[in-house]
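All values reported here derive from a predicted model rather than from experimental measurement. Computed over heavy atoms, backbone and side chain alike; hydrogens, waters and symmetry mates excluded.
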Amino acid sequence: MVWTTAIIHLDMDAFFVNVHLLEFPEDKGKPIAVGGNPSGRGVVASASYEARKFGVHSAMPSSRAIKLCPQIKFVRHNWPLIKATSAAVMDILEEFGPTERMSVDEAYVDVSEHKDPETIALIMRERVKAATQCPASVGLSPSKLVSKIASDYDKPEGCTIILPGDEEQFLAPLPVRAISGIGPATASKLAQFNIESCGQLANFDYPTLFATFKNQAESLQRRARGIDQRKVVSDPGQSKSISQETTFNNDLDDKEYFYKKISEMADSLSGSLRRKNLIAHTVTLKIRWNDFTTFTRQKSIENGTDTQKEIARLGRGILDQFWEGEKLRLIGLGVSNLIEPTGRQLELFPDLDLSEPPSDSVEYN
DNA sequence: TCTGGGGTCCTAGGACCC
DNA sequence: TCTGGGGTCCTAGGACCC
């Protein structure tokens, strides 16, 4: 087979669960969920295949998981071990070609340079398993879009290969939700036209689709045909935003406590900014009421900041301005408009006098 | 069943400018 | 009197992903 472009998507199987089993092998074969406390407001981050038989899946409220599967064992994740295992996986992938990390447990690898990508896919999966004891599934195709669907097609420990030219045929019977980027909202709009499968989407009357989806219509149909020209990008680039949020166990209206939380989150955000050598020009406060409606307000400052004090001050200011004493279930704080302090700023202001410390940040709204 | 936490990208509207 | 068109920047919210 002649491959001009060959992209592998590797996806770790029930990754958090399998990392847990490295430390607690006695839990093997049991219904396990890694995630938040089932007596509180936690959700399942990862469920073992034994738990999935009961209908438990990730993002499900833990309280529901325990109803579906009363014998399920909830465990906390070991973040350092997850990170270390992930790093070991990524190191292996890098040996095969340019690697784009999508999260701790999945990545794309461009293996176009290899003569026999199909064998490479199998070797890659086995190398990862041998090095980490953690199972993975791989998908190989000429595009990121199809490879991602392929890696999910035969989990766990699957290897699905879609040859060049077979993409549209492979996708045709699959539900539109299989396409990354088509979520519940888009799927339900499509369902109004009786479009359920990728094949139906690919062949649907374009003008009708355009009336509802406008500019998105063309891209939807291209994706349904498996057309995707995106390249594997190994450089992660600089973060665009950093945020923290907490959901309380019970709804609260304690302003002093909110202040304390804002202060703690600001401290952590400030630390992240400094580690990344970035300053933020915008601070966003997020609050969520008990009916789950969510509200965000942001404040931009002319001179960027990376200090706990300034971030906290802006966060508290927004709370003071907009919170009217209701009970809240969540509070969050974020920074965005991130700039490297020594990069662009100096180019933009070549005459800036650095001998004077910058004056206090000025809000411009 | 009552919904985590950390992100990215897109859209739409308003302000402002020429 | 009641009215242009385009461009850019900013904000808020929503969809989506893992």
Side-chain angles (χ1 to χ4, degrees), chain A residues 9 11-16 33-47 54-69 74 76-77 79 82 86 100-108 144-145 148-149 151-152 176-190 213-216 219-220 223 230 233 236-251 265 268-269 272 281-302 318 322 329-338 363-365:
Chain A
H9 182 255
D11 197 318
M12 302 301 290
D13 302 321
F15 187 51
F16 289 14
V34 181
N37 186 346
S39 61
R41 287 171 156 171
V43 299
V44 174
S46 177
F54 293 84
V56 176
H57 57 79
S58 54
M60 170 183 284
S62 302
S63 55
R64 172 155 165 74
I66 214 149
K67 277 179 191 138
L68 288 173
C69 179
F74 268 88
R76 301 298 307 180
H77 62 238
W79 196 241
I82 288 169
S86 174
E100 180 174 349
R101 230 193 110 123
M102 302 307 288
S103 71
V104 282
D105 69 345
E106 63 173 282
Y108 294 102
K144 287 167 105 173
L145 179 131
K148 177 155 174 68
I149 296 168
S151 72
D152 191 51
V176 291
R177 286 284 270 115
I179 297 170
S180 181
I182 298 186
T186 308
S188 94
K189 276 196 220 169
L190 289 169
F213 292 96
K214 298 192 236 169
N215 298 331
Q216 279 188 69
S219 151
L220 281 170
R223 284 185 281 163
R230 290 172 302 155
V233 182
Q238 153 204 303
S239 347
K240 300 198 162 80
S241 67
I242 307 170
S243 65
Q244 286 223 327
E245 64 190 55
T246 20
T247 295
F248 312 124
N249 286 326
N250 301 292
D251 298 343
M265 292 189 287
S268 157
L269 295 175
S272 300
H281 285 256
T282 302
V283 171
T284 302
L285 185 82
K286 171 174 173 179
I287 59 183
R288 177 128 77 203
W289 287 272
N290 55 7
D291 69 354
F292 222 72
T293 53
T294 305
F295 168 100
T296 61
R297 280 296 176 274
Q298 61 191 57
K299 204 147 237 168
S300 291
I301 50 175
E302 198 169 343
I318 301 171
F322 293 101
R329 69 141 41 216
L330 171 147
I331 193 158
L333 193 66
V335 288
S336 55
N337 256 315
L338 308 181
E363 291 150 38
Y364 46 80
N365 61 344

Residues that [X] engages under side-chain hydrogen bond (donor to acceptor under 3.5 Å, both in side chains), provided they are two or more places apart:
X      : result
A/R230 : A/D228
A/N215 : none
A/E100 : A/K144
A/R329 : none

Item to check | Sequence-distant partners of A/F54, ring pair (Phe, Tyr, Trp, His ring centres under 6.0 Å), two or more places apart | outcome: none
Checklist entry - When Watson-Crick pairs (N1 to N3 and N6-O4 or O6-N4) and G-U wobble pairs (N1-O2 and O6-N3) count only below 3.5 Å on both distances, what is the dot-bracket string of DNA chain B, with | for other-strand pairs? => result ....||||||||||||||
Next on the checklist: Going by side chain to side chain contact (heavy atoms under 4.5 Å, CB included), name the residues that satisfy it together with A/S243, two or more places apart in sequence or in a different chain.
Outcome noted: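 Partners of A/S243 under the side chain to side chain contact (heavy atoms under 4.5 Å, CB included) test: none.
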Next on the checklist: Restricting to side chain to side chain contact (heavy atoms under 4.5 Å, CB included), what partner residues turn up for A/I242, sequence neighbours left out?
Outcome noted: A/L269, A/S272, A/L273, A/K276, A/V335, A/L338
Next on the checklist: Walk along nucleotides 6-14 of chain B from 5' to 3' and tag each nucleotide B, S or - by protein heavy-atom contact under 4.0 Å, base first, then sugar-phosphate.
Outcome noted: SSSS--S--
How is [X] classified with respect to the nucleic acid when contacts are heavy atoms under 4.0 Å: base, sugar-phosphate, or nothing?
X      : answer
A/I179 : sugar-phosphate
A/K189 : nothing
A/T186 : sugar-phosphate

Checklist entry - Does the ring of A/F292 lie flat against the base of B/dT3, closer than 5.5 Å centre to centre with planes under 30°? => result yes
